[in-house]
Every structure is written in C-alpha cells, then in structure tokens.
Amino acid sequence: MVPANKRHLIRSHRHISKEQLAFLTTFTCSGTKLADVLRAMRKEVGGEANLGFTVPDAYDAVLAEKKKKLDGCDSNQLIRWFAMRQAKEHDFYYDFQLNEENQLINFFWRDGRMRSDYEAFGDLLIHDTTYRTNKYDMICGPFVGMNLHTQNIMFGVGFILNEKAGTFDWLFNSFLTSMGGKQPVTIMTDQSSAMDKAIREVFPKSRHRLCTWHIGENAVVNIKGVMAKEGFKRRFDYVLKYTDTVAEFEHYWNSLMTDYNCKTHKWIERLYDLKEKWCPAYNKEWFSGGILSSQRSETTNHSISRRLHKTNGLCDFYKCFLDVIDEWRSKENKGDYNSSTGNRYYACADNMLCLHARDVYTIAIYLIFEQRFIKAIGLRCQRISYEFPVSKYIVGHPTKDFIRHVVMFNEQELVVDCTCKSYGEIGVLCSHILRVFIVHNVEEIPKQYIMKRWTKKAMNMIVEEGEDRDNEVSVVSASVWRMQSIRNCIKVINEAQHCPAARKLIDLGVLDMSCKVKEYIGGVEGDGNVSNKYVREETLLDGIEPSTDTVLPDVVEPIAEKVIPTMIQNPPKRKRKIKNGTEKAKERNVRPKGIVEKKRNKLKGWNKRRERHVDNLREETQSTDQCIINLPVGGVLVHPTSSNSQLEAYVPDDYFGVHIQPL
C-alpha cells in the first residue's frame, strides 16, 4: 500500500485538466517562468498533494500543447499564421526568403496599424541588429520610431540569417515596399559597412545617422590609452553629442586633438571621416527628434529578452512581439487620453505663449517647451542690428555660455532663425528664439513652427461615438468571458469560505449548474469524473444527488451572514484644535498627487537632469578656451550665421556700433 502522503504521485492519480493547462500556457506565454506559475498554483490549492500533478507533468503538458499548434515545423506554422492573418486583414503585409533547400532564411512583417503610424511618424526610423536570442540564431531587426508622446512605436519586424549587404538590401526593400515607397527623413543604425551600403541604395533620400552610444563603446576599446587621460572622456563626449554648429565642432575637435596629441591615431582619423553621420552639427537640417543613439530599438530587444530565451522558436517570438506591441499601443492610448483631458500642471501660469503651447502640444512635448521657456527667462538678449522688419540679436547665458547664438527675427512675418538650428532637428523652438519672443511680446507660436507630429491631432483619429456603437459586436470573446466568470465565481467563493452552510450552498449550485450545462450542450469539456470525485471527497455534499431544478429547496440551514467580522478600518484622524489662532498643527499637509502629475514630474526631472548634464559639459569644455582666446573688451564670441567653419567675435565700435571679426 502506498502511504497517504504519497498517493498523489501515483500515475493513475496524476492528471492536468484543461483549465489548469490553459492557466499554465497563458502565464508562460506572458513571460512568466513555469516554475513560478507552479509555485503560485501549489500555494493556491494548499500544497503539492492537492495540485493533482507533478512538476515534470506540467513541463511535458506545456511542451505537448505547443507541439499541437505547430504544423510540422516552427517556420511553416509561422508563415501559415502570416497567410491567415493577411486573409483576414487586407492591410497586413509579410515577405520571406527561402534558400535552395526551402529553408526560411529571412522574413519581415507589419500590420495595418504600423502602416498608419509610419504615415504620421515615419520621419524618424531606428533600426538595430544586435539581438540574437532564438534557437536558430537569427538576427532580430525591429524598425522602431517615436510617436507624439516621445514613446517607442513599432513600424515592422524583420528576422535575418546574416548581416551581408544583400540581406540588408532585401530587408530594407521589403520594408520600403510595405510602406508604399515612403522614405524616412533620418534613419539611425549602428556602425556596419554592409548596412551602410544597403541604406545608400534603398534609402537615397534619407539621412543616415550612426549611434553615438556604440561609437563611445568602440572608443573605449580602440583608444583605451587616450580615454584614460584626465578630462578627455568628458570633452570627447561633448564634441561627440552636443556641438551646435560646424564651426564649434571644428574648433573643439582641433583643440581636443592638439591638447591630447591624438590626431594621427588611425581610429580617430576614420571617425573624423564619418563625422557627417554622427555629429549633430552636420545634421541640423534633418529631423531626428533629438535622438543620438539606437537604444530605442535596443529597448525593444530588452522587452523581448525578459520574456524569451534561446530555446524559443520563431512562433514564440511572433507571439511575444504581439504582446510588446500591444503594451506600447496601450501606453500610447493612455498618453492620448491624458493629453485630451488637459495638462493642469504647468509652471508658467497665465503666460499666453505657454498656454498656447499647452493647448497645441501633447503633455510630453509641452514639458520640453516649458523647460526651454523657463531657461529662456535667464538668458541675456542683446540687439546688435535692426533693419525694419528684421532684428538681429545675440542670445546666451551671461555666465555659462562662452559662445553665444545669433537670432534673426522678422517681426512683420514672424519668421525667426537661430544659429543653433534646434527646431529643424527636434521640432520644438529653442530657448534662444523664445527669449526673443518674450522681448517682442509674441503670444502664440507661429503656425509654421508647430510641427504636426508633436500636436494632439497628429494621427487625425477622431471617431464619433455613434459610429463606434453601430460597429460594436455584442458577442464577447471566449477568453474575456472566461476571465470575467472566474472573477465572479472567486468573489462569491471568498465571501462563503468561512461559512460551512454557505459552502454547501455553493457546492449544490455548482453540481446543479454542471448538470444543466451537460443537458444543454451535451457534456462539459474536461474530466467530469475527476471533478465529481473531488467534490464528493472535499465538500459537505456526501449523499446529495445533483438536481436539475432552478431552485434549491433542499437547503434549509440558515446561512450566517457574518461568520467573521467585516474588515476593520483605520480609526478616524483627529484634527488638531487651534486655540486663539496661535497653535499650529505639527503635521505637514501633503497634497495627494495623481498618476498624470507623477509621470509629469518624473519626465520633467529627467529633462532637467539631461539639460544640467549638457550645460555642465558645455561650460566645462568652453572654459578650456577662455584663457586661450583673447577677446577685446566687450567682445562676444558667437556662432557664425553662414556656413563659415570659424567662430566669430562681435566687437563693439564707437563709430559703427558693432562689427564682426573672424576668430
């Protein structure tokens, strides 16, 4: 005889019901480890003996269920899913390549929502191919962009077998064909000669940018000795990412090479030859959203790697990508809702320019605008020339900006231009222009400087409620109905778990409902014998036959409404009395913050830290030249307004007023 505490290990006693298998499959597909799911199930039923199966049984059942869904092989099933989805969705697109042995080597897919997203936000495309986590060692190359809330947005997903130029040429052509031939303004990738060749052929009108993060990592490997020198890394970081004009870049690059005697290094020479692909000063005319690296695409890879590992196949990756895309779109919907309901938390109250920006922009973009407006208040604005209607200003911080910017403003046509060219790069007016707007009392952002992709109506997706109601389907999906029913049942069971009479009532109801369902559909799915055996052994219904009536007259025991006391609440807070208006409460009254305000403060704090980091780098880098450059008394060093590669000095003159002197 097998002891009672080991009977659950007998093969005939072990069985995984369809409900349990569905529970395991749902959580494993969501990225939860099977061991963690089993641990929760054991705790829920009161131990492994009550679970009904062992750990190896669970792994075998999940694997067998996965094999049932595969039609012969992983790749074949994936393409079948693509074909089935295309048959249902006319705007779904997929393409794949086979080798001579009919083996899948490359494939690409995107859905209809990705196409519409690309139409609205396809000016920036980020592509990264550094992720190889599947059992076929294929390279995952997602096409990622940035939406109106500065969040990640997916344009398409490709898997390739190698990183040859011909492979990238096929992948980019598939992407371009799926998007109707529309080329992005800027495409951001890592440094790869094969990818660079394919981009020149497929995207000739796009500006190819290299990821500065990868360049910084390569610098640590290739110029390790120079990077170890004091001060080089921070100055190199500033030249790599934050120079505003070509003149400033050339000035500080030459200064950096001279101070550290590294101009003849081969890797630095190759890097300088590629400066137009990574230096922001050479790319101010092409929109990039301020993105300097391909880490947005790598964020996608991180989201996938948390759910999958090398043993997972292509079908697993496809399902996981659907989950990631669904999460991203859910975040975008929340951002749309928060922006449509209004941004009540802003720093510059009653300022007409900020109020107009708040009405036009989304919350994320407004916070960037607001931060620049606050920074503009502390800038010094000096007019150096005026020929109606054009004014010319020198704008900069009196102590932090050694090199200042020149702003040209046409007050009649509201046309403005700044040497920093930040609007062309990011799509939001810079602090120098906003300072001039403050001087001229401009109360609204000119229409030509409102980029549609950053506005609340970027997607033009206004749907009338009546149309939605007409198109609604009254049938609820099986998975949604199942979860709703489970929650309702759990709620009733939790209320009755401490009352024996209430337990008996629920058990009678379950048996009665089971009989009725069997009569209606010809039998409930699952092992009914196991379920009935469990009820007979574990409940108070011994000797009671199931009834088919709609009422339960056999239950005559009164149900106790309060077996245990209700949830005890905290005692009420006593307000401190103030006598004669002299005694003050010691506790601080903290206003509770909503979710939107917390997210706003978090984003605003991140923007402040980034701006502070850039300002510190700029101040530290410019301070190295202040003792070298001898400016005349009252002279100001500025960025050139033309394509000149030299900085200019504005020197005051008693007779002519101001004249320009090359540095």
> When you compare the side chain of L292 with that of M188, does any pair of heavy atoms fall below 4.5 Å?
no
> Say whether, by atom type as modelled, one donor and one acceptor occur between the side chain of T25 and the main chain of A22 under 3.5 angstrom.
no
> Would you indicate whether the side-chain heavy atoms of R207 and Y282 approach each other to under 4.5 Å?
yes
> So M41 and L24, do their side chains get closer than 4.5 Å, heavy atoms only?
yes
> Strictly distance-based, threshold 3.5 Å: is any side-chain N or O of H356 a donor or acceptor partner for the main-chain N or O of I445?
yes
> Starting at CZ of F159, measure out to CE of M138 and round the result to the nearest 0.5 Å.
7.5 Å
> Taking the six-membered ring for Trp, are H127 and F172 closer than 6.0 Å centroid to centroid?
yes
> Ring centres of Y449 and Y423 under 6.0 Å apart?
yes
> Supply the atom-to-atom distance H208 NE2 to T189 OG1, rounded to the nearest 0.5 angstrom.
2.5 Å
> Please name the pair of heavy atoms, one in H432 and one in C420, separated by the smallest distance, quoted to 0.1 Å.
ND1-SG, 3.7 Å
> If you define the side chain from C-beta out and look only at heavy atoms, does anything of Y337 sit under 4.5 Å from T341?
yes
> May I ask you to check whether over 12 heavy atoms, not counting those of K277, lie within 6.0 Å of atom NZ?
yes
> Please test R372 against S422 for side-chain hydrogen bond (donor to acceptor under 3.5 Å, both in side chains), starting from the C-alpha separation and ending with a verdict.
CA-CA 11 Å; R372 294 189 171 195; S422 177; 2.9 Å; yes
> When the ring centroid of F175 is compared with that of F143, is the distance short of 6.0 Å?
yes
> Keeping R453 on the side-chain end and M146 on the backbone end, is there a donor-acceptor pair under 3.5 Å?
yes
> Can you give me the closest heavy-atom contact between I215 and L210, atom names plus distance?
CD1-CB, 4.3 Å
> Taking 4.0 angstrom as the limit, do D91 and R113 come out as a salt bridge?
no
> Tell me whether E119 is salt-bridged to R115, with the criterion being a basic N under 4.0 Å from an acidic carboxylate O.
yes
> What's the verdict on side chain to side chain contact (heavy atoms under 4.5 Å, CB included) for V144 and F155, showing C-alpha distance, side-chain angles and the deciding distance?
CA-CA 6 Å; V144 181; F155 295 142; over 6 Å; no
> Whether the side chain of T177 engages the backbone of N173 through a donor-acceptor N/O pair (distance < 3.5 Å, no angle test) should be reported.
yes
> Looking only at atom types and distance, does a side-chain atom of D326 sit under 3.5 Å from a main-chain N or O of L322, one as donor and one as acceptor?
no
> Could you tell me if the side chain of F373 sits less than 4.5 Å from the side chain of L429, heavy atoms only?
no
> Under 4.0 Å between a side-chain nitrogen and a carboxylate oxygen: does that hold for D36 and R39?
yes
> Which distance, rounded to the nearest 0.5 Å, do you find between the CG of L21 and the OG of S17?
8.0 Å
> With no hydrogens and no angle check, do the side chains of H149 and D336 hold a donor and an acceptor under 3.5 Å apart?
yes
> Taking Q183 for its side chain and K205 for its backbone only, find out whether a donor-acceptor pair lies under 3.5 Å.
yes
> Once you round to the nearest 0.5 Å, how far does CD1 of I153 lie from CD1 of I126?
11.5 Å
> Out of curiosity, L171 CG to M195 CE, how far, rounded to the nearest 0.5 Å?
9.0 Å
> Evaluate the side chain to side chain contact (heavy atoms under 4.5 Å, CB included) criterion for residues T186 and D123: first the C-alpha distance (whole Å), next the side-chain angles of each, then the deciding distance (0.1 Å), finally the verdict.
CA-CA 6 Å; T186 300; D123 45 11; over 6 Å; no
> Between the side chains of S192 and E163, is a donor N or O closer than 3.5 angstrom to an acceptor N or O?
no
> At their closest point, which heavy atom of F287 faces which heavy atom of V185, and how far apart are they?
N-CG1, 3.8 Å
> Ignoring hydrogens and angles, tell me if any N or O in the side chain of Q448 forms a donor-acceptor pair with the backbone of L414 under 3.5 Å.
yes
> State whether Y361 and K456 meet the cation-pi test: NZ (Lys) or CZ (Arg) under 6.0 Å from the six-membered ring centroid, and within 45° of the perpendicular axis.
no
> Over 60° means perpendicular and under 30° means parallel, so classify the ring planes of F321 and F317, tilted if in between.
tilted
> Are any non-hydrogen side-chain atoms of N351 and L355 less than 4.5 angstrom apart?
no
> Between the main-chain N or O of F108 and the side-chain N or O of S174, is there a donor-acceptor pair closer than 3.5 Å?
no
> Decide, yes or no, whether a salt bridge links D111 with R329 under the criterion of side-chain N to carboxylate O below 4.0 Å.
yes
> Would you say N283's side chain and W286's backbone share a donor-acceptor pair under 3.5 angstrom?
no
> Might you work through the side chain to side chain contact (heavy atoms under 4.5 Å, CB included) test for S288 and R209, ending with a clear yes or no?
CA-CA 9 Å; S288 63; R209 297 280 299 273; 3.8 Å; yes
> Could you tell me how the ring of F96 sits relative to the ring of Y94: parallel (under 30°), tilted (30 to 60°) or perpendicular (over 60°)?
parallel
> Rounded to the nearest 0.5 Å, what's the gap from CD on E201 to CZ on F168? Could you check?
13.0 Å
> Please report the shortest heavy-atom distance between S75 and L314, naming the atom on each side.
OG-CD1, 3.8 Å
> So, the side chain of Y118 versus the backbone of K182: is there a donor-acceptor pair under 3.5 Å, distance only?
yes
> Report the C-alpha separation of S431 and R435 in whole Å, then their side-chain angles, then the decisive distance to 0.1 Å, and conclude whether the side chain to side chain contact (heavy atoms under 4.5 Å, CB included) test is met.
CA-CA 6 Å; S431 57; R435 184 68 182 93; over 6 Å; no
> State, to 0.1 Å, how close F82 and Y318 come at their nearest heavy-atom pair, and which atoms those are.
CE2-CE1, 3.5 Å
> Is the closest basic N to carboxylate O distance between K421 and D244 below 4.0 Å?
no
> Could you report the tightest heavy-atom contact between A35 and Y59, atom names first, then the distance?
N-OH, 3.9 Å
